[in-house]
S.K.: 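Take a look at the following structure, please.
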Amino acid sequence: MSANTDSLHHSHDPGLKHQYEDMAQQSETYLVGMWTFLVSEVMFFGALFFIYTLYRWNYQQDFYIAHEHLDVRMGAFNTTVLLFSSFTMVMAVQAAQLKKRMNVMGYLAVTVLCALTFLVVKFFEYSSKFADHLYPGVNFNTDAVKAFGEHALENGHVAVNMNHAQLFYGLYFGMTGLHAVHIIVGIGILISLIRLWFNKADSVIHDYVPTELVGLYWHFVDLVWIFLFPLFYLMPKPH
Amino acid sequence: MANAEAHSHEHHIVPTSTYIKTLLALFVLMVITVLVAGVNLPRIGFLSGTVVNQVIALAIALIKAFLVVTIFMGVKFGTKLIKLWASVGFIWVLLIFGILGDYTMRKYEPAPSWDSKADSALPRVTPEDPKMPDHNSTNVIIRQ
């Protein structure tokens, strides 16, 4: 009897899909699905972080010398931008809960702008590395790395193993590159979400959870960067 | 009655101030990690100064990650099932890093006790065995 009236009541909720008992069950199902995807992403990035740890463990000094060519200011700026974009994303989700459509679109737009800013900074970082031939391959600029090895450490004249230095740049471009691909995909998803809100699509205006799912993806991208930043830009000096 | 509870739960909205405080905490942690990275910290016991620096940098990253997962990703306000699912990723990373044990322990191989019953063991690839190829040239990571 009680269950019957419940389902009658809920059938009026326009956000509820017919296969779910109620909104709570629907939301949990959506969220668990998204988290399952995110766990698969953790597996993907986790393996890369493991590879990084393994080589870093063995070639600490070579990695330190190679890393000195990265610009900490650019890395820190990008970290700030991504952390801020996570905040605007969460504010968009809050606005979706309050059904404030204009606010949702505004916060999502700011999130997209942050993502684009991140990519522009990344573009300049990559260009300077390409210009200096600091990428693995036959044209690798061994002189630049060698020159740095001579004054990077107190004990002077450190012989840098160029294979290890190239390994560092391989990992740098591989991991930050895959992270950048996630940012680009995220921009596509965010713009699609803005479009849905703009068109007052039933899928987003009656239920805030789809917006929250995009938020989860975006926070995950931020999460990966939280670890990439100290590992690549803030390597401690061997001492 | 249960319906009313579900309804109120569904509209649980985190106040903006919580998000702003989280963001500020993340910024402060980021500034700390950048500043600490520029200082050569002293050795603590058997940990060299380099390791102390690295441990602090990763600890700060973990705190930042925890804040993002609990507050921004809403796991703190989620159901038990969501909390379980969110922990699975963390457990996976711990498991995969367990493989490091293999890489760090190889240099102790073969352990003397293994050879007490020579017949019980299968032939093993060891640097001491002259019939086996030189591993220093083929796999730098394992036997550097």
Side-chain angles (χ1 to χ4, degrees), chain A residues 2 5-6 9-10 22-24 27-28 31-32 35-36 38-43 45-47 49-50 53-58 60 64 72 75-76 79-80 83-84 86-87 89-91 93-94 97-98 163 212 215-216 218-220 222-223 226-227 229-231 233-239, chain B residues 1-3 6-7 9-16 19-20 22-23 26-27 30-31 33-34 36-38 40-41 48-54 56-58 60-62 64-65 68-69 71-74 78-79 81-82 85-86 88-90 92-93 95-97 99-100 103-104 140-141 144:
Chain A
S2 158
T5 48
D6 273 2
H9 170 82
H10 280 292
D22 51 35
M23 285 307 279
S27 301
E28 191 173 54
L31 290 168
V32 166
W35 272 102
T36 308
L38 292 184
V39 170
S40 80
E41 287 273 65
V42 171
M43 291 177 167
F45 277 106
F49 277 110
F50 177 71
T53 308
L54 199 53
Y55 286 116
R56 169 81 186 282
W57 190 290
N58 284 285
Q60 169 70 24
Y64 174 76
V72 180
T79 311
T80 313
L83 290 175
F84 183 72
S86 255
F87 168 74
M89 186 67 231
V90 96
M91 290 305 292
V93 174
Q94 192 205 52
Q97 288 176 319
L98 298 167
N163 289 338
E212 163 124 47
L216 287 179
W218 193 253
H219 298 312
F220 175 79
D222 186 24
L223 213 50
I226 284 175
F227 288 98
F229 173 59
L231 289 178
Y233 293 83
L234 302 176
M235 225 176 260
K237 192 175 201 166
H239 61 277
Chain B
M1 193 61 197
N3 177 27
H7 201 254
H9 179 76
E10 180 198 327
H11 284 271
H12 174 74
I13 292 165
V14 181
T16 310
Y19 291 139
I20 290 174
T22 310
L23 180 69
L26 287 167
F27 281 158
M30 195 204 70
V31 171
T33 196
V34 172
V36 169
N40 289 340
L41 294 171
S48 74
T50 319
V51 175
V52 173
N53 267 91
Q54 189 60 64
I56 288 175
L58 283 178
I60 291 173
L62 276 173
K64 282 160 81 182
V68 170
V69 170
I71 314 278
F72 283 174
M73 296 175 96
T79 59
L81 191 59
I82 304 296
W85 235 246
V88 166
F90 182 67
W92 162 264
V93 173
L95 283 177
I96 197 172
F97 274 80
I99 302 171
L100 271 181
Y103 285 93
T104 50
V140 183
I141 293 177
Q144 59 170 345

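Just so it is clear: chains get the letters A, B, ... in the order the sequence lines come, proteins before strands, and each one is counted from 1. Hydrogens, waters and symmetry mates are skipped; everything else that's a heavy atom, side chains included, is used.
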S.K.: Quick check on A:Met43 against chain B: is it the side chain, the backbone, both or neither that has a heavy atom closer than 4.5 Å?
M.R.: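 For A:Met43, heavy atoms of backbone and side chain both lie under 4.5 Å from chain B.
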S.K.: Less than 4.5 Å to any heavy atom of chain B: does that hold for the side chain of A:Phe84, its backbone, both, or neither?
M.R.: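 The answer is both parts of A:Phe84.
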S.K.: Taking C-beta and beyond as the side chain, do B:Leu81 and A:Leu31 meet within less than 4.5 Å on heavy atoms?
M.R.: no
S.K.: Can you tell which part of A:Thr53 gets under 4.5 Å to a heavy atom of chain B, answering side chain, backbone, both or neither?
M.R.: side chain
S.K.: Any sub-3.5 Å donor-acceptor pair from A:Asp222's side-chain atoms to A:Trp218's backbone N or O?
M.R.: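 No.
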S.K.: Quick check on A:Leu223 against chain B: is it the side chain, the backbone, both or neither that has a heavy atom closer than 4.5 Å?
M.R.: side chain
S.K.: Do B:Thr22 and A:Phe87 come close enough that some side-chain heavy atom pair is under 4.5 Å?
M.R.: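 They are not in side-chain contact.
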S.K.: Just checking B:Phe90: does its CZ atom have more than 12 heavy atoms from other residues, nucleotides or ligands closer to it than 6.0 angstrom?
M.R.: no
S.K.: Counting only heavy atoms closer than 4.5 Å, note whether B:Trp85 contacts chain A via side chain, backbone, both or neither.
M.R.: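 Interface part for B:Trp85: both.
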S.K.: Is the closest side-chain heavy-atom distance between A:Asn58 and B:Tyr103 below 4.5 Å?
M.R.: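 Not touching, per the 4.5 Å side-chain cut-off.
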S.K.: Could you tell me which portion of B:Leu100 (side chain, backbone, both or neither) has an atom closer than 4.5 angstrom to a non-hydrogen atom of chain A?
M.R.: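 Contact with chain A: backbone and side chain both.
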S.K.: Looking at B:Ala57, B:Ala86, B:Gly74, which one has more heavy-atom pairs under 4.5 Å with chain A than the rest?
M.R.: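 Most pairs with chain A among the choices: B:Ala86.
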S.K.: Do the side chains of A:Thr79 and B:Lys64 get nearer than 4.5 Å, heavy atoms only?
M.R.: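 Of all side-chain heavy-atom pairs linking A:Thr79 with B:Lys64, at least one is under 4.5 Å.
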S.K.: Taking the side chain from A:Gln94 and the backbone from B:Val14, do they hold a donor-acceptor pair closer than 3.5 Å?
M.R.: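 Here the side-chain-to-backbone pair exists.
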S.K.: Are A:Met89 and B:Phe72 packed together at the side-chain level, in the sense that at least one heavy-atom pair is separated by less than 4.5 angstrom?
M.R.: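 Side-chain contact under 4.5 Å: no.
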S.K.: Looking only at heavy atoms and a cut-off of under 4.5 Å, which of A:Val72, A:Leu38, A:Thr36 has the most pairs with chain B?
M.R.: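 Top count of heavy-atom pairs under 4.5 Å with chain B: A:Thr36.
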S.K.: Measuring heavy-atom distances to chain B, does A:Phe49 have an atom under 4.5 Å in its side chain, in its backbone, in both, or in neither?
M.R.: both
S.K.: Would you mind checking which part of B:Ile60 comes under 4.5 Å of any heavy atom in chain A, side chain (CB onward), backbone (N, CA, C, O), both or neither?
M.R.: neither
S.K.: Quick one: of A:Leu231, A:Val39, A:Leu83, who has the most non-hydrogen atom pairs under 4.5 Å with chain B?
M.R.: A:Leu83
S.K.: Answer with side chain, backbone, both or neither: which region of A:Gln60 has an atom nearer than 4.5 Å to a non-hydrogen atom of chain B?
M.R.: side chain
S.K.: Do any N or O atoms from the side chain of A:His239 and from the backbone of B:Leu41 form a donor-acceptor pair under 3.5 angstrom?
M.R.: yes
S.K.: Under a 4.5 Å cutoff for heavy-atom pairs, which residue among B:Leu62, B:Leu95, B:Val69 has the most contacts with chain A?
M.R.: B:Leu62
S.K.: Of the backbone (N, CA, C, O) and the side chain (C-beta and beyond), which part of B:Met30 lies under 4.5 Å from a heavy atom of chain A, both, or neither?
M.R.: side chain
